[in-house]
Amino acid sequence: MVKLVYYLPSLYAPGGLERIITFKANYFAEHFPEYAVTIVTSEQVGKPPYFPLSPKVRHIDIDVPFDWPFDQSRVSKLIKYPFRYRKFKNRLSQVLYELKPDITISTLRREINFIHSLKDGSVKIGEFHVTRHSYHAGALHSRNPLVNILKKRWANQMVNNLSKLSGVVILTHEEAAFWPELNNTCVIPNPIITPIGTYSDCRNKQVIAAGRYAPQKGFDLLIDSWAIVAQKHPDWTLRIYGEGMRQELQQQIDRLGLTRSCILEPTVPNITDKYSESSVFVLSSRFEGFGMVLIEAMSCGVPVVSFACPCGPRDIIKDGEDGLLVENGNTAQLAEKISLLIADEQQRCQMGKQARINSERFRMQQIALLWKELFEKQLKEKKI
């Protein structure tokens with residue numbers, strides 16, 4: 001029996017990290033009987049997991065919340081941090097010593113500073129869910145030289161900690177190139193985790209986008225592009241599914257006179273149905289860790305148009321075959337490519353069929369085998 005342990009802060013949030021870890025843990029527990037799977041959290045605060053856990057997956061919470069309650073002041077949080085961190089380190093270490101796992105997977109949060117040094121006997125693997133770019137995002141170019149020094153020191157410390165792990169799993173080959181200091185990386189993409197019911201015939205006059213209403217997702221750029229598209233194709237509609245900074249985006253839509261053709265929709269549990277009702281998917285992000293929405297839309301037979309942002313689109317999209325890549329941040333070019341697919345139904349439908357075929361490589365059956373191969377390799381090297 002191979003004992004596999006995942007650590008992440010919590011399971012109660014409806015986020016991508018929680019969804020991916022839950023899905024992979026469930027799959028391993030249910031499809032590989034030789035694996036005993038446990039998820040360890042530290043900030044569950046008595047809440048149930050948002051995504052259903054298989055009864056075959058054990059869940060342990062060590063009860064060391066850093067951010068709860070959410071309304072605590074920054075000063076209070078800062079004062080309590082050293083105590084909480086020490087408690088977190090002791091409790092996570094204790095539970096790993098008690099579980100004696102064969103493999104421990106870290107999601108590279110606070111535990112990154114010490115998990116590699118624990119002598120619980122397990123192979124330590126780090127699992128990235130973001131891009132290196134998102135860690136810095138201008139932080140190393142602060143006007144404050146002290147901030148730059150601290151950020152650089154933090155970045156160096158992070159690389160040092162990652163290098164001490166047995167392996168670091170990165171989502172894309174593009175992202176892997178951003179870590180030249182590491183020689184222990186392995187590329188395994190995220191799997192498609194949404195069930196597919198129906199597929200798009202790419203004939204409905206609707207374009208779709210989905211994600212948090214946050215600057216990272218670049219919906220402000222998409223709306224600017226749509227202002228150009230709407231002039232050429234006034235009978236088409238753009239629907240953006242998400243939640244967050246709604247007011248700012250709605251004001252932009254109203255200001256550009258797009259109220260009828262550009263609609264902000266709430267998040268929905270059946271997003272694949274919405275993909276299937278659409279004929280083009282657009283990703284306008286400034287940066288991504290991977291771009292799950294791309295492979296979800298493609299698996300529904302929807303061709304995609306995407307900024308070639310770091311990281312994900314270049315690994316996922318075969319430009320001109322199952323979608324179109326656009327220079328990152330170029331709103332005029334984004335509008336041009338969207339309009340191209342709107343105007344050419346034959347190309348749109350052909351790309352949609354190819355997108356569905358090409359997305360098969362992201363099915364969980366395929367991704368699980370890559371993880372299993374990595375686990376077996378690491379355990380074999382440990383014995384040697």
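Note that the numbering runs from 1 along the sequence shown for the chain. Basis for what follows: all heavy atoms, side chains included, without hydrogens, waters or symmetry-related copies. Values in this document were obtained by computation on a predicted structure and should not be read as measured data.
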For atom [atom1] of [X], is the number of surrounding heavy atoms from other residues, nucleotides or ligands below 6.0 Å larger than 12?
| X | atom1 | answer |
| --- | --- | --- |
| Lys274 | NZ | yes |
| Tyr50 | OH | no |
| Lys47 | NZ | yes |

Cut-off 3.5 Å, side chains only: do [X] and [Y] have a donor facing an acceptor?
| X | Y | value |
| --- | --- | --- |
| Ser122 | Lys124 | yes |
| Ser285 | Glu288 | yes |
| Glu127 | Thr107 | no |
| Thr41 | His59 | yes |
| Trp236 | Ser261 | no |

For the residue pair [X] and [Y], what are the closest heavy atoms and their distance?
| X | Y | value |
| --- | --- | --- |
| Arg212 | Lys217 | O-CG, 3.1 Å |
| Phe51 | Ala13 | CE1-O, 3.9 Å |
| Lys24 | Pro191 | CG-CG, 4.5 Å |
| Pro303 | Leu341 | CB-CD1, 4.2 Å |
| His31 | Pro33 | O-CD, 3.5 Å |
| Ala209 | Leu222 | CB-CD2, 3.7 Å |

Any salt bridge linking [X] with [Y]? Criterion: basic side-chain nitrogen under 4.0 Å from a carboxylate oxygen.
| X | Y | result |
| --- | --- | --- |
| Glu98 | Arg91 | no |
| Arg203 | Glu345 | yes |
| Arg19 | Glu296 | yes |
| Glu336 | Lys232 | no |
| Lys353 | Asp201 | no |

Donor-acceptor pair, [X] side chain versus [Y] backbone, under 3.5 Å?
| X | Y | answer |
| --- | --- | --- |
| Ser279 | Lys205 | no |
| Tyr97 | Lys119 | yes |
| Lys3 | Leu99 | yes |
| Arg239 | Ile263 | no |
| Ser339 | Ala335 | yes |
| Arg286 | Gln216 | no |
| Ser284 | Leu221 | no |
| Arg356 | Ser299 | no |
| Glu30 | Ser54 | no |
| Ser200 | Cys300 | no |

**OP:** Would you mind telling me which of Ile367, Leu171, Ile316, Thr172 makes a side chain to side chain contact (heavy atoms under 4.5 Å, CB included) with Asn190?
**Re:** Leu171
**OP:** Evaluate the criterion side chain to side chain donor-acceptor pair (under 3.5 Å) for residue pair Ser106 and Tyr6; output intermediate values, then yes/no.
**Re:** CA-CA 6 Å; Ser106 160; Tyr6 287 92; over 6 Å; no
Original post:
Is there a ring pair (Phe, Tyr, Trp, His ring centres under 6.0 Å) between Tyr7 and Phe88 once you walk through the steps?
Top reply: CA-CA 12 Å; Tyr7 168 75; Phe88 166 71; 5.7 Å; yes
**OP:** Dump the intermediate steps for side chain to side chain donor-acceptor pair (under 3.5 Å) on Asn90 and Gln94, then the final yes or no.
**Re:** CA-CA 6 Å; Asn90 290 339; Gln94 181 181 352; over 6 Å; no
Original post:
Please walk me through it: do Thr237 and Gln206 pass side chain to side chain donor-acceptor pair (under 3.5 Å)?
Top reply: CA-CA 5 Å; Thr237 301; Gln206 180 169 291; 5.9 Å; no
**OP:** For the residue pair Leu11 and Thr22, establish whether any side-chain heavy-atom pair is separated by less than 4.5 Å.
**Re:** yes
Original post:
Would a 4.5 Å heavy-atom cut-off, applied to side chains only, mark Val5 and Ile105 as touching?
Top reply: no
**OP:** May I have the step-by-step check of side chain to side chain donor-acceptor pair (under 3.5 Å) for Gln44 and Ser10, ending in yes or no?
**Re:** CA-CA 5 Å; Gln44 197 65 22; Ser10 71; 4.7 Å; no
Subject >> Gap separating the CD atom of Gln333 from the CD1 atom of Ile228, nearest 0.5 angstrom >> reply: 11.5 Å
Subject >> side-chain hydrogen bond (donor to acceptor under 3.5 Å, both in side chains) pairs, two or more places apart, involving residues 300-329 >> reply: His173-Asp315, Glu174-Arg314, Glu321-Asn358, Asp322-Asn358, Glu327-Asn330
Subject >> Results of ring pair (Phe, Tyr, Trp, His ring centres under 6.0 Å) for Phe23 - residues two or more places apart only >> reply: none
